[in-house]
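Counting starts at 1 for both ligands and their atoms, following the listed order.
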Amino acid sequence: MRLLTLLLCCSAQLVFAQQRPNIIYIMSDDHDADAISAYNKQFISTPNIDRLAKEGMLFKRNFVNNSICGPVRATLITGQHSHKNGMKDNRTRFDSSKMTMPKVFQANGYQTAIVGKWHLHSYPTGFDFWKILPGQGLYVEPRFISMKGDTSTYHGYATDVITNEAINWMEQRDTNKPFVLHIHHKAPHRYFLAPLKYIEEYHRKTFPEPPTLYNDTAGHGTAWRVQTMSILHDMKLSSDLKVDPAFLMDLPEYKPDEKEITYYKAIMNRIPEPDRSRIKKIYEERGLLLREKRPSGKELLKYKYQWYMQDYLACVASVDENVGRVLDYLDQHQLTNNTMVLYTGDQGMYLGENGWFDKRWMYEVSMQAPLLIRWPGKIRAGSVNNSMTQAIDYAPTMLGAAGIETPSFMQGINLVPLLTGKQKALPRKSLYYHYYEDKADHTVLQHLGIRGERYKLIYFYTVNEWELYDLKKDPQEQTNLIRSAVHRKILLQLKTDLLKLRDQYDDHEPAGELN
Ligand code: SGN
Ligand code: CA
C-alpha cells in the first residue's frame, strides 16, 4: 500500500513537473529595440525574433534600472536594483553566495543552465550547467570557461557557437524535469563583428539617419559636454569600423594610435581564412573612400554612422538567425507549447541619436530595452503591452510562470497576470533609475532619477545638475525644463515621488543631497 502511495505520489509529481513550463531566456548584448522589426521596420527585418511578438506579447515600454551590462545581468538573476545586489558597475565582482533566481528554480525542482556572456566576474552559481564567455568574450573562435574552471577555444562565430551549446544542452538534459535555459549572446556588442555572409549582405545598405544625428551638445548640461560616446570623435575607424590602419597611417586626421592598431590586428587575425581575406576586401572600400574623399566633420559622421549601422545590424541578423534555430528546435521536439520564451537586450543602445553610440544614460534610448515573451496557450498571440515594466521584473515573472511566488528579497513585479490577460495594466506609476560607472569608457556622469508616465527627472549628483523632460512633447529629450516656471509644480511633485521611490527601494546613497 505504502509503495502504491509512493508510486502514485511520484507519478503525480512527474505529471506536475511536466506541466510546469520550461523557460528559455535569451539576452543579446546591446541589442536596441529599434533593431528589431517588431518594434521598428526602418532598419532591419528580424523575422525570428518577431515571431515571439506575433505568437506572444510585445512590451512597448520596458526599461532597465542601470543601463550597463553587468549590473543588468545581476538584476536579472536577483530581481533587485543595483544598490541591493551590490553590482553597481561593470567592474564589481558579483557575490555569488547571494540568493538568486536560478537557486530558487533549483529548489523547486527545475534544471537550470546558462550559455554565453555572463560578465559578473565570479563564476555562476545556481546553475546545473554553465558555459560562459570570459569577460566580454570574443566574436570569432570564442573561448568558453567550463564548469571545471578550464578555458577552451571553440571553432566558429560566437552567436552560432553559443546557440550550438545551448541546443546541445537541451539534447542531453533530464527530460523528467522542467528547465530554465539562459542563452546570452555577445552580439551585437562593440566592436560589431559579423560573420562574412552578413557583412556581404549589409555593407552596401544605407539606413535612415536619426533626426538628432548632427545635434550639437553645446547648450546642454555638464554631463552632455563631458561624455565620450560620439560616433564622430570617439568611435574608432580601425577597431570599430575595421578600416585597415595601412590606409590611414599617412593621414594625420585619421591616423590610429598604437592601441587601436593592436586591437584591429587582434580582431582580424582571429578570423580564419578564407573569410579573413574576403572580409578585409570588403572593408577595403572604406579605406579607399577615406583616402579619396578625405571627409571631415558632418560628412565624416555621415559615413561613420552608415558603417556603424551596417556592422551592428549584420551582427543582429546573425542573432535573429540563431533565435530561429532555437525556436525550430522547440518545434521539432514538441516543446513549443510548454515553453515560455523571453527575448531581451541587456539595455538599449544609441544608434546615432545625439550623434552617439553606447548606452548608460537614463534617457529613453538607453533606458529602454526590448522585451518579447511567447507562451502559447497563456499569452494571446499578437498582443502588445504598454505598461512600464523594468528589468527587476524578469526574475519574478520567470518564477511566476513556474507557479513560484516572488521571493521577498526581490523588488520587481511578477508580470504573469499581465501576460495571461488577468490584469490589463500595472499599477506602477513610475520607475527608479541609478547609474554609477562614471570613471570608465564613455564618461557618463553618475545619475539617478525617476521616470513617470509623462515626465522624467534626472539628477547628476556629482555636478549637482538636474534635468527635467516632457516625454510627450519632447520624446527625444532635447529640452531641459528644469528652469521652466510653468513646470514648477510638476518638478516639486517629481522630487517628492523620487524620494518616495528611494525609500521604497531602500536606496540611500548619495545620502541627504536630494533636497
Ligand atoms: C567595452 C567597450 C565600451 C563599452 C563597455 C561596456 N569598449 O569596454 O564601448 O561601453 O565595454 O559594455 S571596447 O573598445 O572594449 O569595445 S557592456 O555592454 O559590457 O556594459
Ligand atoms: Ca550591453
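Distance alone, capped at 3.5 Å, is enough to place a donor-acceptor pair between the S146 side chain and the K148 backbone. D393 places a side-chain N or O within 3.5 Å of a backbone atom of I413 that can act as its donor or acceptor partner.
Per-residue contacts place R360 under 4.0 angstrom from the following atoms of ligand 1 (heavy atoms of the residue considered): 4 (C), 5 (C), 6 (C), 10 (O). Near Q347, meaning under 4.0 Å from any of its heavy atoms, are these atoms of ligand 1: 18 (O). Taking every heavy atom of H119 and a limit of under 4.0 angstrom, the matching atoms of ligand 1 come to 19 (O). Against a heavy-atom cut-off of under 4.0 Å, D29 is close to the following atoms of ligand 1: 18 (O). Close contacts between ligand 1 and I68 involve ligand atoms 20 (O) [criterion: under 4.0 Å to a heavy atom]. Heavy-atom contacts of C69 reach the following atoms of ligand 1: 17 (S), 18 (O), 19 (O), 20 (O) (cutoff under 4.0 Å).
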Check the pair H189, Y139 against ring pair (Phe, Tyr, Trp, His ring centres under 6.0 Å), reporting the backbone distance first and the verdict last.
-> CA-CA 9 Å; H189 190 270; Y139 269 115; 8.0 Å; no
Y433 and H81: ring pair (Phe, Tyr, Trp, His ring centres under 6.0 Å), yes or no, with the steps?
-> CA-CA 8 Å; Y433 186 92; H81 279 279; 9.1 Å; no
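A heavy-atom distance below 4.5 Å is not found between the side chains of E353 and L213. Looking only at side-chain heavy atoms (C-beta outward), H447 and H434 stay at 4.5 Å or farther from each other.
Counting protein heavy atoms only, atom 4 (C) of ligand 1 is closest to D358 OD1, 3.5 Å. When hydrogens are left out, the protein atom nearest atom 16 (O) of ligand 1 is R190 CD, 3.1 Å; that is the closest non-hydrogen contact. Regarding atom 8 (O) of ligand 1, its nearest protein heavy-atom neighbour is D441 OD2, 3.2 Å. For atom 9 (O) of ligand 1, the closest non-hydrogen atom of the protein is H442 NE2, 2.6 Å. Looking only at protein heavy atoms, the nearest one to atom 19 (O) of ligand 1 is Q136 NE2, 2.8 Å.
At a 4.0 Å heavy-atom cut-off, ligand 1 does not touch D240 at all.
Using a 4.0 Å cutoff on heavy atoms, K117 counts as a contact of ligand 1. Under a 4.0 Å heavy-atom criterion, Y263 is in contact with ligand 1. In this structure, M229 does not count as a contact residue of ligand 1, since none of its heavy atoms falls inside 4.0 Å of the ligand. Contact between K359 and ligand 1 is present, with at least one heavy atom of the residue lying under 4.0 Å from the ligand.
Salt bridge E165/K131: present, at least one basic N to carboxylate O contact under 4.0 Å. Ion pairing of R278 with E273 is absent here, as no side-chain N (NZ or NE/NH1/NH2) approaches a carboxylate O to less than 4.0 Å. The residues E299 and K304 are annotated as not salt-bridged, no charged nitrogen and carboxylate oxygen being separated by less than 4.0 angstrom.
Residues satisfying the side-chain contact (heavy atoms from CB on, under 4.5 Å) criterion with D95, sequence neighbours excluded, are S97, K98. Contacts of H203 classified as side-chain contact (heavy atoms from CB on, under 4.5 Å), with partners at least two apart in sequence or in another chain: I282, E285, Q310. For K265, the side-chain contact (heavy atoms from CB on, under 4.5 Å) test picks out I261, N269, with sequence neighbours left out.
Listing protein N, O or S atoms at distances below 3.0 Å from the Ca ion (ligand 2), with waters left out, gives D29 OD1, D30 OD1, D346 OD1, D346 OD2, Q347 OE1.
Considering backbone and side-chain N/O of F357, none are found under 3.5 Å from N/O of ligand 1.
Shown here is R428, whose CZ atom has more than 12 heavy atoms of other residues, nucleotides or ligands within 6.0 Å. Summarising the local packing, NZ of K302 is surrounded by 12 or fewer heavy atoms from other residues, nucleotides or ligands at distances under 6.0 Å.
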